[in-house]
Amino acid sequence: MTRVVVDVMPKPEILDPQGQAIAQALPTLGCAGVRSVRQGKRFELEIDGVLTAAQRTDIERIAASLLTNPVIEDFVLRIEDDDVVDTGRPR
Amino acid sequence: MTRVVVDVMPKPEILDPQGQAIAQALPTLGCAGVRSVRQGKRFELEIDGVLTAAQRTDIERIAASLLTNPVIEDFVLRIEDDDVVDTGRPR
Amino acid sequence: MSVRVGVVTFPGSLDDRDALRAVAAARAEPVGLWHADADLHGVDAVVLPGGFSYGDYLRAGAIARFAPVMRLVIEQAAAGLPVLGICNGFQVLCEAHLLPGALARNDHQRFRCQDQQLIMERTSTDWTQGYQPGQVVVIPLKHGEGRYVADSPTLDELEAEGRVVVRYFGQSPNGAARGIAGISNPAGNVVGLMPHPEHAIDPLTGPSADGLPFFTSVLQRLVA
Amino acid sequence: MSSGSVDVIDTVTLASQTADQAQPYAQLGLEDDEYARIHQILGRRPTQTELAMYSVMWSEHCSYKSSKVHLRQFGEKAPASDALLVGMGENAGVIDVGGGLAVTFKIESHNHPSYVEPYQGAATGVGGIVRDILTMGARPVAVMDSLRFGAPEAPDTARVANGIIAGVAGYGNCLGLPNIGGEVVFDPCYQGNPLVNALCVGVMPVDRIQRSAARGVGNLVVLLGAKTGRDGIGGVSVLASAAFDQDTAAQRPSVQVGDPFTEKLLIECCLELFERELVVGIQDLGGAGLTCATTETAAAGRSGMRVHLERVPLREASMLPHEILASESQERMLAIVRPGDAALVLSLAQRWGVHATLIGEITDGERLVITWHGEAVVDVPPASLADEGPAYQRPMRRPADFDAIRADDAGKLPRPHSATELRDTLLTLAASPNLCSRKPVTQQYDRYVGGNTVLAQPADAGLLRIDEQTQRGIALAVDGNGRYARLDPYAGAQLALAEAYRNVATSGARPIAVTNCLNFGSPQDPEVMWQFEQAVSGLADGCRTLGIPVTGGNVSFYNQTGETPISPTPVIGVLGVSADVTKRIPSGLGNVGDAIVLLGQTRDEVSGSEWAWVAHQHLGGVPPVVDFAAEAALAAVLTDAGAARLLTGVHDLSDGGLAQALVEACLYRRRGAYIELPPGADAFMQLFSESSARALVCVPDNAVTQLRQLCAQQAVPYAALGVVTAAAQLELHHQFTLNLDELASAHATVPTALR
Ligand SMILES: Nc1ncnc2c1ncn2[C@@H]1O[C@H](COP(=O)(O)OP(=O)(O)O)[C@@H](O)[C@H]1O
Ligand SMILES: [Mg+2]
């Protein structure tokens with residue numbers, strides 16, 4: 001079994017009200033010194049057996065089109081216990 | 001600057017309708033062989049300078065209370081370019 | 001010859017019956033379209049209705065845009081088919097790149113249902129010919145992800161080309177960029193907006209009948 | 001139970017051979033005599049799975065063992081009604097509303113889960129009641145929610161309240177059901193026990209009513225909807241921990257997560273199956289999941305049933321028979337279909353994207369046999385679980401403090417006198433947590449979807465068109481008042497009934513049926529049990545007097561923290577019929593120049609009032625007089641005046657009295673009012689008394705005579721109070737004037753917990 005992890009984060013220039021609300025709440029919860037919080041999504045895909053090259057291409061396509069809205073989000077795709085494929089912008 | 005990443009995922013035994021909806025859509029998008037998808041959240045916290053031990057304790061507390069709903073979610077906290085602190089259950 | 005306006009039902013569409021009712025109220029022939037049919041049944045225009053297609057769990061409209069029926073909608077929209085996306089339908093149009101930008105979570109992070117004042121700006125689209133530029137109307141809105149976002153060049157372009165169809169009047173209900181509530185493609189046949197004109201066709205069941213011209217406009221355009 | 005490994009499943013054969021094996025029935029909440037009865041019914045010890053089934057079906061939640069003996073009154077005292085097509089005992093009552101249409105509605109609690117996990121608890125509460133309505137064959141068309149939270153300033157209230165509200169919104173909005181009303185009340189007594197009572201209403205052609213009875217030997221049992229997981233296994237996991245691995249038990253969550261998208265598909269799928277007459281019997285899976293659905297359908301049909309449990313689609317492959325049977329995974333239905341229709345049923349389900357699995361068949365005889373890979377793990381008479389559970393006449397005792405509290409009259413509290421004091425009191429009340437605008441809550445709910453909402457928040461009642469051709473409609477209101485019920489549970493239940501009845505009448509609709517949700521503390525506390533019995537009697541007597549039957553409801557016990565129960569909180573829903581929704585009475589003030597008239601009699605009644613609570617944190621005395629004759633007369637005036645289109649505005653008087661009614665009426669459409677209180681009357685009493693059977697109406701000059709006549713006919717007191725004005729102010733002659741902006745800003749105060 002292979003696990004593919006896709007991390008999707010709002011682009012830096014896009015307002016992230018959820019992250020902002022958390023950042024604002026932190027000092028009142030006694031947690032100081034956090035400059036910023038951003039909230040994104042994490043997807044874990046489980047694939048039976050070993051990931052084939054074709055499947056990997058499929059999943060990269062899905063990550064870039066379905067799991068991410070490229071207008072407002074970037075993503076990083078990671079195959080667990082495997083190398084990292086980074087198709088988003090530098091993070 | 002230090003970046004702390006908190007990955008929050010639905011507990012394995014808890015229904016994940018989000019992940020399920022994606023998993024059901026995949027075959028129609030020409031992506032076969034994905035056994036399951038789970039959707040969680042990813043938080044990126046940026047801290048000025050180096051993380052102090054006290055700050056780290058604070059952030060762990062925040063991760064366990066504010067960022068995670070312990071009734072239905074587990075989390076993993078990672079300090080980037082640092083060691084991994086895992087306070088959730090084995091993943 | 002009667003004008004046939006199709007309304008697509010995706011799994012999780014909710015305001016599809018309301019859109020069909022509005023089409024009928026405008027005296028066009030309402031035609032139900034099914035997401036899994038790769039067939040538009042010869043309709044003259046298409047409405048993508050409101051709702052929570054596929055639960056909207058991932059991102060609103062993200063999965064629906066891949067539905068078989070959408071291939072045809074995208075194809076024929078390019079050829080001039082009038083397409084109106086309401087709320088979830090607007091989200092689908094953006095996800096399908098028929099319209100630029102995206103709809104993000106409301107800035108206050110809550111679902112919001114309210115009667116909203118709007119100002120009509122572009123009235124040369126297939127769906128807004130029945131309005132006067134600058135006309136203020138009251139139409140309900142109800143959404144959790146309705147904050148229109150796009151990068152500045154895109155926003156500048158939309159404004160320069162007069163493609164902002166409708167803006168929130170007064171306080172923004174969701175933090176949308178430049179108060180944008182709805183936009184069109186350059187040709188004006190594809191329009192998307194967050195408010196629900198189909199819920200403002202009769203003062204008995206809505207705050208006004210201010211939404212009806214969306215549906216009569218397309219009729220006029222098609223019989224013209 | 002002995003140290004069986006996970007692989008060894010306790011079968012019927014094994015149970016017959018090991019009759020003496022000790023079983024952990026007490027941990028499962030079964031009494032000694034209850035366990036003995038199971039032995040007697042089965043003629044052997046139950047298998048682990050059977051024991052789990054009995055424990056859950058005989059629990060308070062499923063068997064109503066403490067309440068049954070009292071709830072009978074609803075049937076016994078019910079007024080004769082031709083409109084009642086299905087009465088109590090089915091999933092929900094069904095009422096003939098004319099024009100070939102039937103309506104079903106019911107209210108249900110989801111209190112405890114909503115405290116543990118507010119969002120999901122409330123969401124699945126909505127999901128559950130919607131399936132109950134669907135089960136009757138109806139298309140669900142609207143929801144309402146009656147909510148109670150702790151003190152708004154208490155630290156935990158924000159978590160509970162915001163989560164619950166978002167959960168009600170999240171589920172209902174995503175299902176496409178307009179939310180047309182409800183309640184939000186803050187009171188410290190609900191601190192550890194929030195109440196989430198969700199109501200759903202559905203509409204169907206009169207000839208499409210579905211029944212839950214499983215009938216027809218050879219017919220097939222189909223499980224529709226979500227896969228089964230380890231959700232909400234609760235009490236049954238105790239069995240697991242006694243029998244199996246200690247460590248895994250701890251992981252079993254009792255929290256259920258809702259999936260409204262799946263429910264939406266399930267609804268559309270079931271409606272298509274009903275429409276095509278493919279369903280012989282149907283039952284939703286709610287509390288006690290498959291256990292409840294299989295035993296209830298088999299018992300109702302006096303049929304046997306065979307279930308092949310290994311066929312149930314699972315989220316986790318390792319689930320054991322008792323877990324599968326007890327799982328409360330949401331968004332599932334059980335349907336009985338003819339064998340010849342099975343293929344069509346499965347293909348329709350597939351079209352809707354709904355899982356459908358044939359899991360069993362109807363058999364001869366009256367046994368429910370459940371097998372696991374061919375071996376029987378259950379072999380029981382289904383009625384013994386579904387209908388023949390224990391029933392207790394629990395001890396009852398009038399609360400020790402009852403007389404003392406009633407003697408503590410609020411009449412003796414210092415009252416405001418001067419114009420300034422009265423003005424300040426009005427503003428303070430308008431801004432107080434229970435009287436301020438409900439908008440922060442209701443604007444999170446979609447009230448438009450469906451396109452048939454004629455009235456919704458902040459109108460007194462929800463009004464829904466159910467037939468676009470004839471404009472026929474239904475009105476609904478839910479009300480409860482825990483403070484009144486604390487002072488007098490009998491009168492409290494009646495006052496809630498009276499208020500819901502009155503609210504329905506303000507829309508112009510005629511009230512015809514009642515549902516209820518009874519929220520109380522522990523039935524093992526004799527004082528709580530007394531309160532319960534009083535509330536049930538009050539409601540049953542009230543319904544008889546008003547001539548409208550109780551068609552269904554729900555009981556929630558154990559709403560208490562330690563030894564302290566919540567105030568008894570009967571929540572009453574009333575359904576009304578409108579022959580023509582275009583004749584609805586508009587809410588709030590009418591047109592400029594229209595007369596403002598107070599209908600009904602005002603007495604000096606402030607005990608248990610919002611004023612006593614806000615101004616003095618006082619709860620004592622005797623609640624307002626209940627006068628059903630006056631309520632019925634007022635309702636008759638409202639419905640007749642509505643039908644004749646005499647009225648341009650309406651608002652009932654309830655919490656906060658006339659003062660609050662004026663504030664809300666002015667703000668509804670931002671109209672001004674000039675008011676002269678009746679001469680000689682005590683202004684405070686006029687403004688803040690909470691006497692029942694009263695409403696404000698607006699009437700144009702040319703209709704005044706007709707309205708007066710109607711009131712005279714019905715003997716409803718008529719008092720001309722003033723006039724609707726173009727000035728943006730509320731002017732109380734000889735007292736004070738407030739501009740509407742000031743009123744609006746007081747009323748827009750957001751309770752701390754919702755900020
Ligand atoms: N307070 C009540 N008043 C009238 N009927 C009630 C009350 N509580 C429960 N009932 C009836 O008892 C039956 C079983 O109730 P319940 O277990 O809530 O139904 P379900 O199994 O559909 O969830 C239903 O017919 C319900 O209407
Ligand atoms: Mg039921």
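Numbers restart at 1 for each chain; the letters A, B, ... are given by sequence-line order, proteins then strands.
At a heavy-atom separation below 4.5 angstrom, chain A is approached by Leu58(C), Arg59(C), Ala62(C) within residues 51-62 of chain C. The interface of residues 14-36 of chain A with chain C, defined by heavy-atom distances below 4.5 Å, comprises Ile14(A), Leu15(A), Pro17(A), Gln18(A), Ala21(A). For a heavy-atom cut-off of 4.5 Å, chain A lies close to Glu95(C), Gly101(C) in residues 69-101 of chain C. For a heavy-atom cut-off of 4.5 Å, chain A lies close to no residue in residues 160-191 of chain C.
Residues Glu198(C) and Asp18(C) are in side-chain contact: their nearest non-hydrogen atoms beyond the backbone lie under 4.5 Å apart.
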side-chain contact (heavy atoms from CB on, under 4.5 Å) for Tyr148(C) and Leu103(C)? Distances and angles first, verdict last.
CA-CA 5 Å; Tyr148(C) 184 74; Leu103(C) 292 144; 4.0 Å; yes
Take Leu67(A) and Phe75(A) through the test side-chain contact (heavy atoms from CB on, under 4.5 Å) and record every step on the way to the result.
CA-CA 9 Å; Leu67(A) 302 183; Phe75(A) 75 98; over 6 Å; no
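Proximity to chain A (any heavy atom under 4.5 Å) is shown, for Asp151(C), by neither the backbone nor the side chain. Ile72(A) touches chain C through its side chain: at least one heavy atom from C-beta onward sits under 4.5 Å away, while N, CA, C and O do not.
With respect to Arg221(C) and Asp126(C), a salt bridge is recorded, a charged nitrogen being found less than 4.0 Å from a carboxylate O. Ion pairing between a basic and an acidic side chain is recognised when a charged N comes within 4.0 Å of a carboxylate O; Glu44(A) and Arg42(A) show such pairing. Ionic pairing of Arg3(A) and Glu46(A) is present here: one or more N-O contacts between side-chain nitrogen and carboxylate oxygen are shorter than 4.0 angstrom.
Taken to the nearest 0.5 Å, the CG atom of Leu33(C) stands 6.0 Å off from the NE2 atom of His41(C). The line from CG of Leu51(A) to CD of Glu80(A) is 12.5 Å long, rounded to the nearest 0.5 Å. Separating the CG atom in Asp16(C) from the CZ atom in Arg21(C) is a distance of 10.5 Å, to the nearest 0.5 Å. We find the CD1-OG1 distance between Ile62(A) and Thr57(A) to be 11.5 Å, quoted to the nearest 0.5 Å. Expressed to the nearest 0.5 Å, how far CD of Gln114(C) lies from NE2 of His143(C) amounts to 8.5 Å. One distance of note links CG of Asp74(A) with NZ of Lys11(A); it measures 5.0 Å at 0.5 Å rounding.
Of all non-hydrogen atoms in Asp210(C) and Tyr131(C), the two that sit nearest each other are O-OH, 2.6 Å. Of all heavy-atom pairs between Pro197(C) and Pro195(C), the closest is CD-O, 3.1 Å.
Of the possible polar contacts, none joining the Thr68(A) side chain to the Ala64(A) backbone as a donor-acceptor pair under 3.5 Å is found. Here the side chain of Lys142(C) pairs no donor or acceptor atom with the backbone of Phe111(C) at under 3.5 angstrom. Between the side chain of Asn106(C) and the backbone N or O of Arg110(C), at least one donor-acceptor pair lies under 3.5 Å.
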